[in-house]
Amino acid sequence: MEGKMSWTVADAVDYKGFPADRSKTGGWVPAALILGIEICERLSTMGIAVNLVTYLVGVMHLPSSTSANVVTDFMGTSFLLCLLGGFLADSFLGRYKTIAIFAAIQTLGTGALAIATKLPQLRPPPCHASASHTCKPANGFQMGILYVALYLIALGTGGLKSSVSGFGTDQFDDKDEKEKAQMTYFFNRFFFFISTGTLTAVTVLVYLQDEVGRSWSYGICSVSMFVAILIFLSGTKRYRYKKSRGSPIVQIFQVIVAAINKRKMELPYSVELLYEDTPEAQRIHHTDQFQFLDKAAVVAEGDFERNVVSAPNPWKLCSVTKVEEVKMMVGLLPVWATTIIFWTTYAQMITFSVEQASTMERSIGGFLIPAGSLTVFFVAAILITLAVYDRLIMPLWKKLKGKPGFTNLQRIAIGLVLSTLGMAVAALAEKKRLAVARTVGATTTTLPISVFMLIPQFFLVGAGEAFIYTGQLDFFITQSPKGMKTMSTGLFLTTLSLGFFVSSFLVSVVKKVTGSNDGQGWLADNINHGRLDCFYGLLAVLGVINFVLYLVFAVWYKPKNPKPALQMETIVNGSSAENKC
């Protein structure tokens with residue numbers, strides 16, 4: 001019996017619900033089947049996002065500001081729905097069912113988008129705008145079909161992002177040294193597949209969209225995801241499944257509700273009188289921050305059911321440890337809030353910067369670079385920065401300071417600075433582009449100025465992402481309670497989501513404040529008639545203000561039970577890849 005039990009994995013079951021047999025389930029092969037879903041998700045999402053603005057402006061004839069908002073709202077919703085996917089996976093469906101269901105939804109979405117971009121009835125008649133002629137924009141029905149397709153994709157993306165990496169790591173037992181080593185290999189491949197999907201999307205897929213046809217490109221995405229689902233389902237009998245432990249979001253609401261209901265009660269004179277049922281080894285010591293939440297741990301009449309020996313109603317009484325876990329999450333919020341602006345800057349790289357590129361000279365010999373493919377420099381900047389940091393900066397910093405690289409808060413600060421510089425450089429580049437447009441005529445289709453002038457802004461913001469992405473992940477993972485790692489990753493994802501939504505909000509406000517009835521202003525319908533440089537300058541100023549606030553909050557923040565920092569190399573190749581969206 002003991003020999004048989006040694007071949008089972010303690011916290012996992014097979015597809016029938018029996019303890020998972022180590023020799024028949026899990027390991028690298030089932031994990032590899034899951035990676036196909038991830039590469040197809042990245043292929044679809046990034047292939048759509050980086051080149052969607054050119055379709056909206058050139059084919060659907062929408063103003064540039066409206067087009068930018070459609071893209072940022074789509075991306076913001078995709079990341080926000082990761083929270084929904086994570087909640088469903090943790091509380092009801094489990095990761096396997098969540099992946100299967102939301103992958104099917106994304107397949108439907110990309111298929112619908114292929115149809116929407118193919119049928120002439122679903123787009124306005126083609127035309128070329130001029131000073132004397134304005135193209136007819138897409139009507140409500142045409143935009144409605146497009147929105148249905150896009151938000152089906154966003155819903156599918158949100159569900160997949162929340163579960164793919166986690167389900168992949170479920171296939172390995174971290175208590176077994178051999179499988180633990182295999183897990184590291186899985187993390188390496190996971191990041192590789194993410195990079196492969198993104199690079200393929202911004203090069204091959206964007207080229208197909210511009211030169212062959214968008215419907216073909218999106219159709220390939222849909223068929224690819226369908227095949228990936230079949231491959232994923234083929235491993236059903238080989239997977240290891242872990243039981244859902246419940247969503248940490250519920251715990252947070254339980255503490256808040258209990259504290260609000262007991263807001264009129266007085267705290268006891270000693271913290272020893274607060275309720276605590278957590279095993280001694282897992283307890284978190286009481287702190288004096290956010291004392292209002294302590295009232296959730298005050299024992300009152302009615303917290304326990306009469307004549308029943310059981311745990312209290314969690315919506316009425318929470319343990320000190322649960323309250324402290326929520327306090328730890330609340331303490332992360334100031335730093336969380338001051339990282340949102342970076343992703344607002346990031347949003348410009350896949351909207352207005354792509355639109356800028358579409359007006360500039362993009363030819364190399366006889367080859368025309370697709371405007372959306374310019375984001376390849378963005379991806380390259382991330383990979384180069386990671387390599388330079390790991391191979392040069394980390395060893396040098398360890399030699400000079402005795403520390404293995406920058407702290408998470410320092411990396412976030414560097415990312416914020418680089419993104420602010422990126423917007424300042426973007427403003428200068430746009431000022432030069434507009435000067436050329438005024439010289440040759442704003443209605444000129446291709447301005448005689450090289451698109452490579454935009455590389456510095458892509459590179460600066462890309463390098464900034466390399467620092468801030470790893471810094472945020474490190475900060476939220478190491479400073480959150482053990483039982484709320486999913487929630488901490490959710491906090492990280494909401495900065496991306498809100499960054500895109502803030503971009504939409506700023507674009508709408510700037511359009512309203514600076515715009516005119518004839519479609520002019522900073523964000524004119526045709527960017528050659530606008531002042532996009534002023535908008536970029538505004539983002540740079542907001543970046544400076546935000547950075548000052550960040551420094552204040554970073555100094556105020558007191559680390560809770562700090563763990564060894566997760567460096568960039570670890571986050572790319574190691575355990576924190578489990579939390580990657």
- Query: For the side-chain hydrogen bond (donor to acceptor under 3.5 Å, both in side chains) test, which of R438, R433, Q356 pairs with N528?
  - Reply: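 The residue from R438, R433, Q356 that satisfies side-chain hydrogen bond (donor to acceptor under 3.5 Å, both in side chains) with N528 turns out to be R433.
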- Would you mind reporting whether F553 and W336 have side-chain heavy atoms less than 4.5 Å apart?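 They are not in side-chain contact.
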Any side-chain to backbone donor/acceptor pair from [X] onto [Y]? Under 3.5 Å, distance only.
| X | Y | value |
| --- | --- | --- |
| S358 | E355 | yes |
| Q142 | R123 | yes |
| S353 | Q348 | yes |
| S163 | L160 | no |
| T514 | V510 | yes |
| T495 | F492 | yes |
| R95 | V164 | no |
| E465 | V461 | no |
| Q479 | F476 | no |
| E361 | S363 | yes |

- To the nearest 0.5 angstrom, please state how far the CD1 atom of I48 sits from the OG atom of S78. 8.5 Å
- Message: As an exercise, state the distance from CG of L199 to CZ of R42, rounded to the nearest 0.5 Å.
- Response: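 Separation between the atoms: 10.5 Å.
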- Query: When you take the SG atom of each Cys, C127 and C135, is the space between them under 2.5 Å?
  - Reply: yes
- Minimal non-hydrogen separation, T345 against M423, with atom names: CG2-CG, 3.5 Å
- Task: Please say whether more than 12 non-hydrogen atoms of neighbouring residues, nucleotides or ligands are located less than 6.0 Å from CZ in F141.
- Result: no
- Message: Exactly one of S64, S67, S503 should register a side chain to side chain contact (heavy atoms under 4.5 Å, CB included) with F352. Which one does?
- Response: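 The side chain to side chain contact (heavy atoms under 4.5 Å, CB included) with F352 is passed solely by S64 among S64, S67, S503.
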Please work out whether the ring planes of [X] and [Y] are parallel, tilted or perpendicular, with thresholds of 30° and 60°.
| X | Y | result |
| --- | --- | --- |
| F452 | F377 | perpendicular |
| F547 | Y550 | parallel |
| Y346 | F378 | perpendicular |

- Determine, step by step, whether Y147 and F74 satisfy the ring-ring contact (aromatic ring centres under 6.0 Å, His included) criterion, reporting the C-alpha distance in whole Å, the side-chain angles of both residues, the deciding distance to 0.1 Å, and the verdict. CA-CA 9 Å; Y147 283 139; F74 163 68; over 10 Å; no
- Query: Just by distance, with hydrogens left out, do T338 and N546 show a side-chain donor and acceptor under 3.5 Å apart?
  - Reply: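 Not at all, the side chains of T338 and N546 share no donor-acceptor pair under 3.5 Å.
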